[in-house]
Structures are given as C-alpha cells and as structure tokens.
Number of protein chains: 2
Amino acid sequence: METTTTVREQILDHAVTLIMLRGYNGFSYRDLSSLVGVKTSSIHYYFPSKDDLVLEAVNEYSKEVLNAVHAIDPSLPADAKLSKYTKMFGRTLGDGNQICLCGMLAADIESLPENIRHAVQAFFKANENWLAKVLAQGAQEKTLAVNGKPESAARALYAAFQGSVLASRLFHTRARLEDVEASVRTTR
Amino acid sequence: METTTTVREQILDHAVTLIMLRGYNGFSYRDLSSLVGVKTSSIHYYFPSKDDLVLEAVNEYSKEVLNAVHAIDPSLPADAKLSKYTKMFGRTLGDGNQICLCGMLAADIESLPENIRHAVQAFFKANENWLAKVLAQGAQEKTLAVNGKPESAARALYAAFQGSVLASRLFHTRARLEDVEASVRTTR
DNA sequence: GTCTATACCCCGATAGAC
DNA sequence: GTCTATCGGGGTATAGAC
C-alpha cells in the first residue's frame with residue numbers, strides 16, 4: 001500500500017521545512033526544485049508567487065500544529081497538559097535545526113505582506129488562548145504558578161516557548177524548553 | 001561643535017538597524033550604499049565580506065546593550081532592576097519595527113558561520129547570567145516569583161523577553177514586554 | 001502539468017584607475 | 001579611500017512548446 005503524495009504536497013512540505021530552517025529570505029524556488037525534482041517553472045504553476053507559497057505553508061503548518069494541540073485530552077490535569085505541549089513544541093526542532101515556522105516568519109515579518117502577518121498573528125493567538133485556559137486550570141489546581149491574569153501570563157509563557165526553541169537551536173540543546181515548563185511549575 | 005562620524009561607523013550603524021529590521025538575508029550592500037552614500041565597493045573596503053560586517057555588527061550591538069544592562073544600579077531592589085531591564089528591552093523596538101539583533105540572528109543562525117554563532121551565544125549567556133542574579137535577589141526579597149533554580153528560571157525569562165519583542169512587533173503593540181515582567185512579579 | 005528558454009534584476013565580490 | 005566597471009552567479013517570474 002503506497003501513500004500517494006502529489007507534487008503540490010511535496011513542494012508545500014519542503015517549503016515548510018525550509019522556512020523553519022532558513023526563513024523567508026533564506027530559501028528559493030531553486031532549492032525546492034532540486035528537492036522535489038521538478039523545474040522552478042512547475043512550482044510557479046502551483047504557487048504563482050513566493051508569497052502565495054508561504055501563505056499556504058503557514059496555513060498547512062497551523063492546521064497541523066493546532067490539531068495536535070487540541071488533541072491534548074481536555075480531562076487531564078493542567079500540569080500534564082503543559083507537559084504534552086512542551087513535548088509537542090520540542091518536536092518542531094526536528095533534527096535540532098528547525099524552529100517554529102510562525103516564530104521564524106515573525107522574525108521575517110517586515111519582508112512579508114499583510115495577509116501573511118494576519119495568518120501568523122492568528123497562530124500566535126490560538127496558542128495563547130489555549131495556554132490561558134491551561135494556566136487558569138493550573139492555578140485552580142495549584143500545580144502551576146500564575147502571576148497576574150491568565151491571559152497576560154499566557155502571552156508571556158508563549159513568548160518563552162518561542163524564545164526557548166530559538167535558544168535550543170542556537171546552543172544545540174533540547175533542554176531549554178524544559179526550563180520554560182519548569183518556570184511555571186509550582187515548587188513543592 | 002560637530003560630532004564626526006566616520007563612514008565606517010555609519011555603515012556599521014545602518015547595518016545594525018537593517019539586521020534588526022529584516023535579518024541577515026534581508027538586507028544588502030546596496031541598501032547600505034544608498035543609506036550611507038558611498039558605493040558598494042567602498043563598503044567592501046571596510047568589510048571585505050558580509051560575514052565580516054555582520055560579526056562586527058554583533059560585537060557593536062553587544063557592547064552597547066551590555067553596557068546599558070551593567071549600568072543598572074546594583075544597589076536597587078530586584079524588582080526595580082527588572083523594570084529597568086524591561087524598559088531597555090523595549091527600546092530595541094525602535095519605531096516599533098525592530099527586534100533584538102541577536103534574536104534576529106538566532107533565527108538566521110543556519111545561514112551563518114560559527115564565529116557569529118559564538119558571538120550570539122555569548123550575548124544570550126551574558127543576559128541570562130545577569131537575569132539569574134536578579135532573580136536570586138528577587139527570590140530573597142520576595143518580590144519576584146522564581147520556580148526552580150535561578151539559572152533555569154533566568155533562561156526561561158530571557159527566552160520570554162526575546163519572544164515578546166517578536167510578538168510586540170508582530171502585533172504592533174509595546175504591551176507584550178510588560179506581560180513578561182508581570183509574569184515574574186509576585187502577586188500581592 | 002512539465003518542460004526549455006529567457007527576461008530582468010539583484011547579489012556579493014574583485015580589479016584597477018584615480 | 002572612493003570610484004567605475006565588471007564577473008559569475010542566483011533571485012523571482014513569464015512565455016510558449018509539448
């Protein structure tokens with residue numbers, strides 16, 4: 001039983017990986033061409049402009065990651081949910097040289113059109129909203145330390161995850177994500 | 001009384017700004033050429049390769065920022081130190097479209113040589129070390145909430161600052177840095 | 001759909017006159 | 001030190017044959 005992968009899907013998947021590795025200005029149609037095995041003009045057939053390609057990459061990435069986040073069992077205690085979230089964030093590192101696609105595009109945002117900015121913002125907000133609920137639950141269960149409003153703490157926590165995956169790659173270590181999780185766990 | 005600025009300094013200053021705006025792959029010798037008013041070949045005279053230029057930009061930026069950090073009065077209470085640090089981090093935003101130069105280069109790190117990676121790592125570590133001391137002091141003074149070891153908490157906190165300046169620019173708001181500061185302040 | 005061919009511009013970098 | 005001129009290559013994108 002073979003899994004059929006269309007050329008279009010291959011292009012999109014490699015684009016996602018390349019953006020997570022080198023960012024918007026760091027990859028080209030030529031890179032994709034050699035990875036997929038079609039000419040650059042064929043890529044333009046599916047994605048007329050680079051911005052079209054990147055927007056679809058954001059949407060594919062968002063859909064996948066948010067599915068994984070929302071698949072975390074809602075009946076779990078808050079600290080267990082956070083552990084799963086940390087693990088999931090660690091998976092974005094791949095072989096250790098990738099960061100979150102939306103974190104990367106946030107760094108490149110001044111080179112990008114408004115529709116991509118909105119897509120990246122939506123991804124950030126979805127993560128922050130989910131974390132806010134977990135923090136509120138964790139405060140009630142007294143397993144997570146929340147200072148100030150959960151919404152504010154969630155924005156800070158999500159920023160910490162984004163920053164820590166950046167630092168994890170910079171220092172060639174996966175440990176920095178755990179620093180973030182530890183920083184909100186109540187000391188016993 | 002005129003402040004003399006050499007061509008070399010002008011190039012370096014504009015390079016710093018451009019990297020904070022668009023990143024390593026997002027600016028060119030041509031951009032600098034039109035900003036400074038000399039030909040690109042003259043820029044090569046001062047900085048033979050782009051990597052030479054970027055390394056010096058990191059060093060200049062690091063020197064300036066770390067001077068500002070270490071200029072924070074050591075006799076202040078920990079929460080006051082953190083307030084000053086937050087304000088200083090907010091200044092990197094500039095007109096609202098810049099992020100920390102070393103955070104940006106951390107995103108671009110897979111396109112950069114090892115010597116630049118080391119310089120960026122050193123900047124991260126210097127900030128984390130300073131924050132670790134502040135957190136230890138704040139824990140003792142019971143003004144800052146520290147979970148786990150101060151070193152680990154400092155890495156998480158610095159990641160949060162890096163991530164929040166990214167989000168501040170993404171959402172066109174300066175408020176996100178304050179979320180980070182609030183997240184470590186003890187609720188009274 | 002995929003290709004060849006090409007347009008048009010930008011890139012970093014260098015040689016050599018002044 | 002700064003310039004003109006240029007090299008060799010890479011960038012996105014398009015036209016048109018198959």
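A note on names: the letters A, B, ... follow the listed sequences, proteins ahead of strands, and every chain is numbered from 1.
- When the C1' atom of D:dG11 is taken as reference, atom CZ of A:Phe27 falls 12 Å away, rounded to whole Å.
- The 5' end of DNA chain D is approached more closely, in terms of each residue's nearest nucleotide, by A:Arg30 than by the other of A:Arg30 and A:Phe47.
- For B:Asp95 (side chain) and B:Asn97 (main-chain N/O), no donor-acceptor pair under 3.5 Å exists by modelled atom type.
- Rounded to whole Å, atom C1' of C:dC9 lies 20 Å from atom OH of B:Tyr29.
- The closest side-chain heavy-atom distance from B:Tyr24 to B:Lys50 is below 4.5 Å.
- One can place NE2 of B:His44 at 15 Å from C1' of D:dG1, the figure rounded to the nearest angstrom.
- Tested against B:Leu157, the residues B:Leu135, B:Val134, B:Val146 include a single side-chain contact (heavy atoms from CB on, under 4.5 Å) partner, B:Leu135.
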Would you list the protein and nucleotides 2-7 of chain C atom pairs, both N or O, that sit under 3.5 Å from each other?
| from | atom 1 | to | atom 2 | distance (Å) |
| --- | --- | --- | --- | --- |
| C:dT2 | OP2 | A:Tyr46 | OH | 2.5 |
| C:dC3 | OP2 | A:Lys39 | N | 2.8 |
| C:dC3 | OP2 | A:Ser42 | OG | 3.0 |
| C:dT4 | O4 | A:Ser41 | OG | 2.9 |

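- Counting all heavy atoms, side chain and backbone alike, A:Leu177 lies closest to A:Ser164 at CD2-OG, 3.2 Å.
- The side chain of A:Ser28 contributes an N or O atom lying less than 4.0 Å from OP1 or OP2 of D:dG11.
- A:Asn25 and B:Arg22 get closest at one heavy-atom pair: ND2-O, 4.2 Å.
- Each ring-ring contact (aromatic ring centres under 6.0 Å, His included) pair with one or both residues in residues 39-59 of chain B, not counting sequence neighbours, appears once here: B:Tyr29-B:His44.
- The CG-P distance, from B:Asp52 to C:dT14, rounds to 10 Å in whole Å.
- Look at CG on B:Asp51: it is 7 Å from P on C:dA13, rounded to the nearest Å.
- When the P atom of D:dG10 is taken as reference, atom CG of A:Asn25 falls 18 Å away, rounded to whole Å.
- Here D:dG11 presents its P atom at 11 Å from CG of A:Leu32, a figure rounded to the nearest Å.
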